[in-house]
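Below, chains carry the letters A, B, ... as their sequence lines are ordered, and counting in each starts from 1.
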Amino acid sequence: MNPVENRGVVSILHDMMRTPIREVLQSDSPVPEILIEGWVRTKRDSKAFSFIEVNDGSCLSNLQVVADATLDGYAESVLPLTTGASISIRGKMVESQGKGQKWEIQALSVEMLGAAEGDFPLQKKGHSMEFLRSIAHLRPRSNLFGAVFRVRSRMAYSIHRFFQEQGFVYVHTPIITASDCEGAGEMFRVVTTDGEEIRLGDEEFFGKPSYLTVSGQLEGETFACALSNIYTFGPTFRAENSHTSRHASEFWMIEPEIAFCDLSADMDLAEAMMKYLVADALESCLEDLTFFDKFIDKGLISRLESVRDRSFERVSYTEAVKILQASGEKFEYPVEYGHNLQSEHERYLTETHFNCPTTVFDYPKEIKPFYMRTNDDGKTVAAMDLLVPGIGEIVGGSQREERLDVLRANMAAHNLDEADYSWYVDLRRYGSVPHAGFGLGFERLLMFVTGVANIRDVIPFPRTPGSAEF
RNA sequence: UCCUCUGUAGCUCAGCGGUAGAGCGGGUGGCUGUUAACCACUAGGUCGUUGGUUCGAACCCAACCGGAGGAGCCA
């Protein structure tokens, strides 16, 4: 037996110490003796025994422990247990006599590891999302947030698996950057301090102004022009003063970059990736998704199934404008060629007209950044946005301008100083190739997969304007 | 940055000019193979802050502070 292949972390832990509740509940036969450790979700006492609901975060379900009043230490270790306390239970797993669960633990010993004081804020009943955000250090102990962060972990793994299976190389693009403008929004400045004094100018740590990255794309392109297919997956930062449920100042982004690739293949990849991730969530996180479907977003699972099974729609920006203008719909903002699609327009396309994820491509040149490839019509660029119902834009990508002269002209048109991008221009001077890529907002993917409506509730410790708690 | 809504017990909320309420959670006791358990008792609040109107303000008005939703920008 190959120890690496056949012994995951879970079974190593199993041998050494506790059994995760996830494994316990999957058992198909009773177990004579087992060690369970976790946190008390609720306890119901009677004269002769107590029922303790234990959760260890390994899955959504709790494990019911029956502790007889005759147990050694019952008065010290069982009676004082309140919601939130941590405990260690040795016992035997037997078929439950009650309804509601297949297995339960008949405790042989119970040890309270840490009591929870009486003001433990999490209860069994409904809390508002706003309150839970204010206790971000404790909210992972709730059903909802436990589920969200298990799905987050799985989706991160699944993203790596997708790209690795496709032969992509994972590249760590820098988090601190000195490119003074990447065209993707307001940036956070990186400075050093001496007490209160901020060091600028000659004292600047890097010798010039530096910032937190807003995108790893440009650096990613340099690696694609060497390793062919690469992806990045890391944190990005935007200092935009946005107050919406879809924006955070710190968020994670996945940015593949593919050499020898055009926009059409780029769109194929984005759609295949979405389907792969949704299919994996449905397969690997079904218990958690079922919980979201029931309590957060009714219809979530059938919507995800249709994303997995049905093909996406694809329309050019020009066609999309025609569809919107012909819709007879009363929009707050008029639909006009040459303007960005508004949220309401995107919603109409994905939620009413097509009722499925939709990729819009070939946008007018004027509303897109300098690095996007100019199409033969001279008016549009090879850009694409993948829009999904309920969220809007989840993926934004393009074929990059690989022609040196056209790129230079575009940079001039955007008032960019070529000297700041000499390394980027070099890619077009030495063995330039057609290439394309896109960015996927990881939190937006999670909102889509979980049905959670606010980006602050799919990232462990959200950073938004005016708020960087914890 | 703009527009809208909101702030009462630890939590979720009711009260909307006349002596601060409920449910949950906490504590105490009881009862039951219980499972958002149940029953009884109990503790817990300068009604976001400041100012104003009024005989009287949680309630009406203003400003400020916090929270949320939407727009723009984007991922």
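Inter-residue side-chain proximity for A:His435 and A:Gln399 is flagged as unmet; no heavy-atom pair is nearer than 4.5 Å.
With distances taken from any side-chain atom of A:Gln64 to the nucleotides B:C73, B:G33, B:A75, the minimum falls on B:G33. When distances run from any side-chain atom of A:Arg133 to the nucleotides B:U34, B:G70, B:A68, the shortest one goes to B:A68. Side-chain atoms of A:Phe131 lie closest to B:C11 of the nucleotides B:A75, B:U34, B:C11. Side chain of A:Ser128, nearest nucleotide from B:U12, B:G69, B:A71: B:U12. Distance from the side chain of A:Ile455 is smallest for B:A75 among the nucleotides B:G33, B:G69, B:A75. When the nucleotides B:C74, B:C11, B:G33 are ranked by their closest atom to the side chain of A:Asn340, B:C74 comes out on top.
The base of B:C74 sits with one of its N or O atoms less than 3.5 Å from a complementary donor or acceptor on the side chain of A:His247. With hydrogens and angles ignored, no donor-acceptor pair under 3.5 angstrom links the side chain of A:Arg246 to the base of B:A75.
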Test log, rule side chain to side chain contact (heavy atoms under 4.5 Å, CB included), inputs A:Leu341 and A:Leu324: CA-CA 10 Å; A:Leu341 297 180; A:Leu324 290 164; 3.8 Å; yes

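Aromatic ring pairs are classed by plane angle as parallel below 30°, tilted from 30° to 60° and perpendicular above 60°; the pair A:His353 and A:Tyr348 is tilted.
Nucleic acid contact for A:Glu117: none, since no nucleic acid atom lies under 4.0 Å from a heavy atom of the residue. Counting non-hydrogen atoms under 4.0 angstrom, A:Arg41 reaches nothing in the nucleic acid. If you check every strand for non-hydrogen atoms under 4.0 Å, A:Gln106 touches a base. Residue contacts shown for A:Ala48 are absent, as no nucleic acid heavy atom lies under 4.0 Å away. Among the atoms of the strands shown, none is found under 4.0 Å from any heavy atom of A:Phe442. A:Glu104 comes within contact range of at least one nucleobase, with a heavy-atom separation under 4.0 Å. Base contact: A:Glu53 has a heavy atom under 4.0 Å from a base atom.
Phosphate contact (OP1/OP2 of B:A37, side-chain N/O of A:Arg44, threshold under 4.0 Å): present. Remark: A:Arg456 is not in phosphate contact with B:G67, judged by side-chain N or O atoms under 4.0 Å from OP1 or OP2. Checking the phosphate oxygens (OP1, OP2) of B:G70, no side-chain nitrogen or oxygen of A:Thr244 falls inside 4.0 Å. Contact between the side-chain N/O atoms of A:Arg139 and the OP1/OP2 oxygens of B:C11 is not found at any separation under 4.0 Å. For the OP1/OP2 pair of B:G72 and a distance below 4.0 Å, the side-chain nitrogens and oxygens of A:Gln342 include at least one atom meeting the criterion. The shortest distance between the side-chain N/O atoms of A:Ser242 and the OP1/OP2 oxygens of B:C74 is not below 4.0 Å. Taking side-chain N and O atoms only, A:Thr42 has a distance below 4.0 Å to OP1 or OP2 of B:A37. Regarding contacts with the backbone of B:C2, every side-chain N or O of A:Asn241 stays at 4.0 angstrom or more from both OP1 and OP2.
Checking B:G33 for Watson-Crick or G-U wobble geometry (two distances, each under 3.5 Å) identifies no partner in any strand. The nucleotide B:G69 finds its pairing partner in B:C3, both defining distances of the Watson-Crick or G-U wobble pair being shorter than 3.5 Å. Here B:G17 sits opposite no nucleotide as a Watson-Crick or G-U wobble pair (both hydrogen-bonding atom distances under 3.5 Å). Pairing partner, B:A43: none, since no Watson-Crick or wobble contact has both distances short of 3.5 Å. B:C60 is paired with B:G52 under the criterion used here, namely a Watson-Crick or G-U wobble arrangement in which both key atom distances are under 3.5 Å. Both distances falling under 3.5 Å, in either a Watson-Crick or a G-U wobble arrangement, occur for no nucleotide opposite B:G25.
Looking at A:Asn143 and A:Arg41, their side chains do bring a donor and an acceptor atom within 3.5 Å of each other. Using a 3.5 Å distance cut-off with no hydrogens or angles, the side chains of A:Glu37 and A:Ser88 do pair a donor with an acceptor. A side-chain N or O of A:Glu221 and one of A:Tyr424 form a donor-acceptor pair less than 3.5 Å apart.
Between the CZ atom of A:Arg347 and the C1' atom of B:A71 there is a distance of 10 Å, given to the nearest Å. Whole-Å rounding puts the A:Glu186 CD to B:G72 P distance at 18 Å. When the C1' atom of B:C2 is taken as reference, atom CD of A:Glu332 falls 12 Å away, rounded to whole Å. Distance CE (A:Met447) to P (B:C74): 18 Å, rounded to an integer number of Å. Atom CD1 of A:Ile254 is separated from atom P of B:A75 by 13 Å (rounded to the nearest Å).
Only the C1' atoms considered, B:A58 is 15 Å distant from B:U6, to the nearest whole Å. Spacing of P atoms, B:G10 relative to B:G69, comes out at 24 Å, to the nearest Å. On the P atoms, B:U8 is 9 Å away from B:C13, given to the nearest whole Å. Using C1' as the reference atom, B:G23 and B:A37 are 16 Å apart when rounded to the nearest Å. Across B:G25 and B:U42, the matching C1' atoms stand 14 Å from one another, rounded to whole Å. Atom P of B:C3 sits at a distance of 15 Å from the matching atom of B:A62, rounded to the whole Å. Comparing the P positions of B:C61 and B:C5 gives an interatomic distance of 12 Å, to the nearest angstrom.
Proximity of the aromatic rings of A:His160 and A:Phe162 is defined here by a centroid distance below 6.0 angstrom, and this criterion is not met. In summary, the aromatic rings of A:Phe49 and A:Phe51 are positioned with their centroids under 6.0 Å apart.
If you find the closest nucleotide of RNA chain B to A:Gly466 and to A:Gly441, the one lying nearer the 5' end belongs to A:Gly466. With RNA chain B read from its 5' end, the first of the two nearest nucleotides for A:Gly98 and A:Glu130 is the one closest to A:Gly98.
Between A:Arg238 and A:Glu186 there is no salt bridge, since no side-chain N of the basic residue sits under 4.0 Å from a carboxylate O of the acidic one. A salt bridge links A:Arg133 and A:Asp457; the closest N-O separation between the charged side-chain nitrogens and carboxylate oxygens is under 4.0 Å. Taking the charged nitrogens against the carboxylate oxygens, A:Arg22 and A:Asp56 have no contact shorter than 4.0 Å, which rules out a salt bridge.
Residues from residues 380-400 of chain A that place a heavy atom under 4.0 Å from any atom of RNA chain B, listed by number: A:Glu393, A:Ile394, A:Val395.
Between the side-chain ring of A:Phe49 and the base of B:G33, no stacking contact exists by the 5.5 Å and 30° definition.
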So which protein nitrogen or oxygen atoms get under 3.5 Å of nucleotides 25-31 of chain B's nitrogens or oxygens?
from: B:C31; atom 1: OP1; to: A:Lys47; atom 2: NZ; distance (Å): 2.7
from: B:C31; atom 1: OP2; to: A:Lys47; atom 2: NZ; distance (Å): 2.9

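The side chain to side chain donor-acceptor pair (under 3.5 Å) test with A:Glu104 is passed by exactly one of A:Gln64, A:Lys92, A:Gln97: A:Gln64.
In this view, A:Phe237 satisfies the ring-ring contact (aromatic ring centres under 6.0 Å, His included) rule with no residue, not counting sequence neighbours.
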